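Predicted model, so just to flag it, every value in this text is computed and none were measured. Quick note: numbers below take in every heavy atom, side chains included, and nothing from hydrogens, waters or symmetry partners.
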Amino acid sequence: EVQLVESGGGLVQSGGSLRLSCAASGFAFDDYVIGWFRQAPGKEREGVSCRSNSDGRTFYADSAKGRFTISTDNAKSTMYLQMDALKPDDTAVYYCAADRFLVSTNDRLCDEFFYQSWGQGTQVTVSS
């Protein structure tokens, strides 16, 4: 059974940093595409950053470029999202997701359509 458990959310001031973690189990972590998504109140869920563990390809949404970093510790089957220079607009519930699929372009790594396994979400609140 695939399980994804997020942690690391919380309340932080604008300009601060947080690191989200997602502990994975029940699947071959090295072969999967993993991703971080977020959903702000009243908005649709959006892809933040996604990575193909099999070939290292990575995608960042424009809102995340230069501020967020996705990484993995394959030995621990854990993915991370380091978030720096946080803004109030980053306030959302953050979800990790994983699945096994192939896409031709990096932007499609964050296409929700391909993900069937999701974590429960962790709240990130950035105060101004």
Side-chain angles (χ1 to χ4, degrees):
E1 179 187 2
V2 174
Q3 286 194 327
L4 300 168
V5 180
E6 299 104 336
S7 60
L11 173 64
V12 64
Q13 288 188 334
S14 181
S17 298
L18 281 175
R19 188 176 81 155
L20 305 182
S21 300
C22 177
S25 62
F27 62 95
F29 189 76
D30 293 3
D31 293 340
Y32 272 53
V33 179
I34 55 95
W36 287 98
F37 297 78
R38 69 185 183 186
Q39 187 166 23
K43 295 186 178 180
E44 293 187 354
R45 189 161 57 188
E46 63 174 349
V48 176
S49 180
C50 300
R51 172 185 170 87
S52 170
N53 279 345
S54 62
D55 62 17
R57 288 189 297 155
T58 302
F59 169 80
Y60 289 95
D62 287 343
S63 59
K65 287 178 182 176
R67 300 188 301 125
F68 294 2
T69 304
I70 190 171
S71 63
T72 62
D73 184 336
N74 289 357
K76 296 181 179 180
S77 294
T78 301
M79 64 180 92
Y80 304 97
L81 185 68
Q82 177 67 41
M83 304 187 293
D84 299 318
L86 283 162
K87 307 173 183 179
D89 284 350
D90 295 317
T91 295
V93 177
Y94 284 72
Y95 299 89
C96 62
D99 219 307
R100 189 175 182 182
F101 58 91
L102 294 174
V103 292
S104 57
T105 57
N106 289 3
D107 62 311
R108 297 208 71 193
L109 290 172
C110 270
D111 189 333
E112 286 191 39
F113 173 82
F114 296 111
Y115 290 88
Q116 295 193 20
S117 299
W118 294 81
Q120 81 285 358
T122 186
Q123 177 70 46
V124 171
T125 303
V126 184
S127 63
S128 57

Counting only N and O atoms by type, is there a donor-acceptor contact under 3.5 Å from the side chain of [X] to the main-chain atoms of [Y]?
{"X": "Thr122", "Y": "Tyr94", "answer": "no"}
{"X": "Asn106", "Y": "Arg57", "answer": "no"}
{"X": "Arg108", "Y": "Ser104", "answer": "no"}
{"X": "Glu6", "Y": "Leu20", "answer": "no"}
{"X": "Ser127", "Y": "Thr125", "answer": "no"}
{"X": "Tyr60", "Y": "Ile70", "answer": "yes"}

Tyr115 and ring pair (Phe, Tyr, Trp, His ring centres under 6.0 Å): which single residue from Trp36, Tyr95, Phe37 fits?
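So, applying the ring pair (Phe, Tyr, Trp, His ring centres under 6.0 Å) to Tyr115 and each of Trp36, Tyr95, Phe37, only Phe37 qualifies.
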Could you measure the distance from the [atom1] atom of [X] to the [atom2] atom of [Y]? Nearest 0.5 Å is fine.
{"X": "Asp99", "Y": "Cys50", "atom1": "CG", "atom2": "SG", "result": "11.5 Å"}
{"X": "Leu109", "Y": "Leu102", "atom1": "CG", "atom2": "CG", "result": "10.0 Å"}
{"X": "Met83", "Y": "Ser49", "atom1": "CE", "atom2": "OG", "result": "11.5 Å"}
{"X": "Arg38", "Y": "Glu44", "atom1": "CZ", "atom2": "CD", "result": "14.0 Å"}
{"X": "Leu4", "Y": "Ser77", "atom1": "CG", "atom2": "OG", "result": "10.5 Å"}
{"X": "Phe101", "Y": "Ser52", "atom1": "CZ", "atom2": "OG", "result": "8.0 Å"}

So Asp84 and Ser17, side-chain hydrogen bond (donor to acceptor under 3.5 Å, both in side chains) or not? Walk me through it.
CA-CA 4 Å; Asp84 299 318; Ser17 298; 2.7 Å; yes
Do you know which two heavy atoms are closest between Leu86 and Leu18, and how far apart they sit?
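Looks like CD1-N, 3.8 Å.
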Which heavy-atom pair separates Val48 from Phe68 by the least distance, and what is that distance?
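Minimum heavy-atom contact is CG1-CD2, 3.5 Å.
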Shared hydrophobic cluster, Val2 / Val5 (ILVMFWY, side-chain heavy atoms < 4.5 Å):
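Val2 does not cluster with Val5.
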Establish whether Met79 and Val33 are linked, either directly or via other cluster members, by ILVMFWY side-chain heavy-atom contacts under 4.5 Å.
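No, it is not one cluster - the side chains of Met79 and Val33 are not joined through contacts under 4.5 Å.
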Could you walk me through whether Val103 and Asp111 pass the side-chain contact (heavy atoms from CB on, under 4.5 Å) test, one step at a time?
CA-CA 10 Å; Val103 292; Asp111 189 333; over 6 Å; no
Cationic N near anionic O, under 4.0 Å, Asp89 to Lys87:
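Result for this pair is no, no salt bridge flagged.
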Considering only heavy atoms from C-beta outward, does the side chain of Gln123 approach that of Leu11 to under 4.5 Å?
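Side chain of Gln123 against side chain of Leu11, heavy atoms only: no contact under 4.5 Å found.
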Cation-pi check, Arg100 onto Phe27 ring (under 6.0 Å, within 45° of axis):
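Cation-pi check for Arg100 and Phe27: fails.
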Using a 6.0 Å cut-off, check whether atom CD of Glu112 has over 12 heavy atoms from anything other than its own residue.
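Result for CD/Glu112: enclosed.
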